[in-house]
Amino acid sequence: MDVANLASQLNAETILPEGIVLTTLLLVLIGDLISGRKSAKWTPYVAIVGLLAAVAALALQWDNPTPLGFLGAFNSDPLSLIFRGIIALSTAVTLLMSVRYVEQSGTSLAEFIAILMTATLGGMFLAGANELVTVFVALETLSISSYLLTGYMKRDTRSNEAALKYLLIGASSSAVFLYGVSLLYGLSSGQTQLDEIAVVIANSPDSQAIGMAIALVFTITGIAFKISAVPFHQWTPDVYEGSPTPVVAFLSVGSKAAGFAIAIRLLVTAFGSMTDQWHFVFTALAILSMVLGNVVALAQTSMKRMLAYSSIAQAGFVTIGLLAGTDAGYASMMFYLMVYLFMNLGAFTCVILFSLRTGTDRISEYAGLYQKDPLLTLGLSICLLSLGGIPPLAGFFGKIYLFWAGWQAGLYGLVLLGLVTSVVSIYYYIRVVKMMVVKEPQEMSDVVRNYPEVRWNLPGMRPLQVGLVVALVFTSVAGILSNPLFTLANDAVIKSPVLQSATTEVPTVATVIQAPDL
């Protein structure tokens, strides 16, 4: 094989965005080695610029006629471009909220950025992985980096406990997932590329049905752990409460988006001939996640634990789009994750700000906050109301199109359950908002009564302010001015052959927008 032919088959430009992230990671590490602690003044901004450059590189690959790279092991189709963009943007926003938090903890900021960007690399490769070995290596890169981030505050016993729980449960999940894909490898006569596996499995004899069922269950277990779906959610509340808050913010969006990306690619491609079976399993996961996530969130007294159960419930909502299996379903999934990125990270930005100023995240301590910090109260209120699906915020439009896609696909029971549990979620979101805007001075918590002066000129506070304002603006206007995002999601579905081969003829989200009854 000559060099030119090898280069054309490798098609290395498909991973240009990941190359930019890796180069930025090396710059941060080398800069930290040379400058020491002084590097904290510029490394976060270099990392953010690198991530935004990676997003720009993703946009330039939108109409790439040859999306397959590395002999078919990596697929840079529009489906992966959307999810890789969500992961990179979630890391950029996470970095904005991390500067002050990490510096105040007394740990190294450059090392934190390096591990976070390694997790980003793993997530981006996972979103485009088209081969079993690539899937597992990318998944472990994301997982191991997440374990390190969870226990990054080494002097905090809660962070150590969260990291240990996450490591033990995550290692078990990875082992189960690996056993599932190894069964898939064996049953497909030694194939590793997903499309080739699909061809072999579709023509396999009935005697392999039990083996395929076991492979499917074990694979779904690994995916469900990554997206925090019930009953594989046990790690989520404890890890969310004990981990550094910026890490929790990344796990709630970046890690979840990577999980849904590989779920789509694995289930639609490798398990395409077992659609009824994995639909049944994911229907159960969606029901359990929506019910347990929203009901248990009602009893929480910690903001981080409440947002943890909220994240579990959100996974159930997004799963409705996956189960729809239509153009509208996949497009609504992508749209919801795009807006979820900003409203959820905006909420965590507010939690970080409050904890930096008060040292607590108890919900009861937010009482009367609007009298001392109007911007924080406004930001947290809008983000929580958007997560609850209150119109005209972005979360309302995200949920309405997920439910519409499910209704069009005949998932009437799931959609009705989603509507009921959404109403339940509004209660615990509005409870926090109501507590913040109490007007009577005697109802103000002691923490808020002794609230420090709001100073944005402290080191690391400006990035937090920028992140909060960006999340606030996007959450407020993304619903009303959402047509570009809908168009982007629809184009991604239409231009991704793996989705087109699996969808049926139903209206797309663009058609739904023009429906007279909406």
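Keep in mind that what you see is a predicted model, and the values were worked out from it rather than measured.
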At what distance, to the nearest 0.5 angstrom, does OG of Ser252 lie from CG of Leu345? 5.5 Å
If you count every heavy atom of other residues, nucleotides or ligands that lies below 6.0 Å from Phe136 atom CZ, does the total exceed 12? yes
Residues Thr326 and Ala409: closest non-hydrogen pair is CG2-CB, 4.3 Å
Suppose we call two aromatic rings close when their centres sit under 6.0 Å apart. Are Phe271 and Trp278 close by that rule? no
Measuring centre to centre across the rings, with the benzene-like ring taken for any Trp, is Tyr152 within less than 6.0 Å of Phe112? yes
Under the side chain to side chain contact (heavy atoms under 4.5 Å, CB included) rule, what do Ile15 and Phe70 come out as? Steps first, then yes or no, please. CA-CA 9 Å; Ile15 62 164; Phe70 296 90; 3.5 Å; yes
Val21 to Ala54 - nearest heavy-atom pair and separation: CG2-CB, 3.7 Å
Using 0.5 Å steps for rounding, measure from the CG atom of Leu402 to the CG atom of Leu323. 11.0 Å
Which value, rounded to the nearest 0.5 Å, describes the distance between Leu149 atom CG and Ile144 atom CD1? 12.0 Å
Does the side chain to side chain donor-acceptor pair (under 3.5 Å) test come out yes or no for Ser35 and Lys41, once each step is laid out? CA-CA 10 Å; Ser35 304; Lys41 296 180 179 179; over 6 Å; no
Ion pair Asp195/Arg265, N-O distance below 4.0 Å: no
Please determine which of Val351, Leu353, Leu307 meets the side chain to side chain contact (heavy atoms under 4.5 Å, CB included) test together with Thr245. Val351
Determine the minimum heavy-atom distance between Ala47 and Met117, stating which atoms define it. CB-SD, 3.7 Å
What's the verdict on side chain to side chain donor-acceptor pair (under 3.5 Å) for Gln191 and Ser188, showing C-alpha distance, side-chain angles and the deciding distance? CA-CA 6 Å; Gln191 302 294 334; Ser188 62; over 6 Å; no
If the condition is ring-ring contact (aromatic ring centres under 6.0 Å, His included), which residues does Phe218 pass it with, not counting sequence neighbours? Tyr179
Side chain proximity check, Lys226 to Lys256, heavy atoms < 4.5 angstrom: no
Looking at Ser90 and Gly254, what are the two nearest heavy atoms and their distance? OG-CA, 3.6 Å
What's the separation between atom CZ in Phe280 and atom CD in Gln277, rounded to the nearest 0.5 Å? 10.5 Å
Using modelled atom types only, decide if a donor and an acceptor are shared between the side chain of Asn344 and the backbone of Tyr340 within a distance under 3.5 Å. no
Who pairs with Phe232 by ring-ring contact (aromatic ring centres under 6.0 Å, His included), at least two apart in sequence or on another chain? none
For the residue pair Tyr401 and Phe335, categorise the inter-ring angle as parallel (less than 30°), tilted (30 to 60°) or perpendicular (more than 60°). perpendicular
To the nearest 0.5 Å, what is the distance between CD1 on Ile113 and CG on Leu27? 12.0 Å
Report the residues that fulfil side-chain hydrogen bond (donor to acceptor under 3.5 Å, both in side chains) with Thr219, sequence neighbours left out, ordered by chain and then residue number. none
Euclidean distance, Leu267 CG relative to His279 NE2, rounded to 0.5 Å: 8.5 Å
Evaluate side chain to side chain donor-acceptor pair (under 3.5 Å) for Thr14 paired with Ser76, printing each intermediate quantity in order. CA-CA 6 Å; Thr14 55; Ser76 187; 5.8 Å; no
Leu194 and Leu132, any side-chain heavy atoms less than 4.5 Å apart: yes
Is there a side-chain contact between Trp235 and Ser228 (heavy atoms, below 4.5 Å)? yes
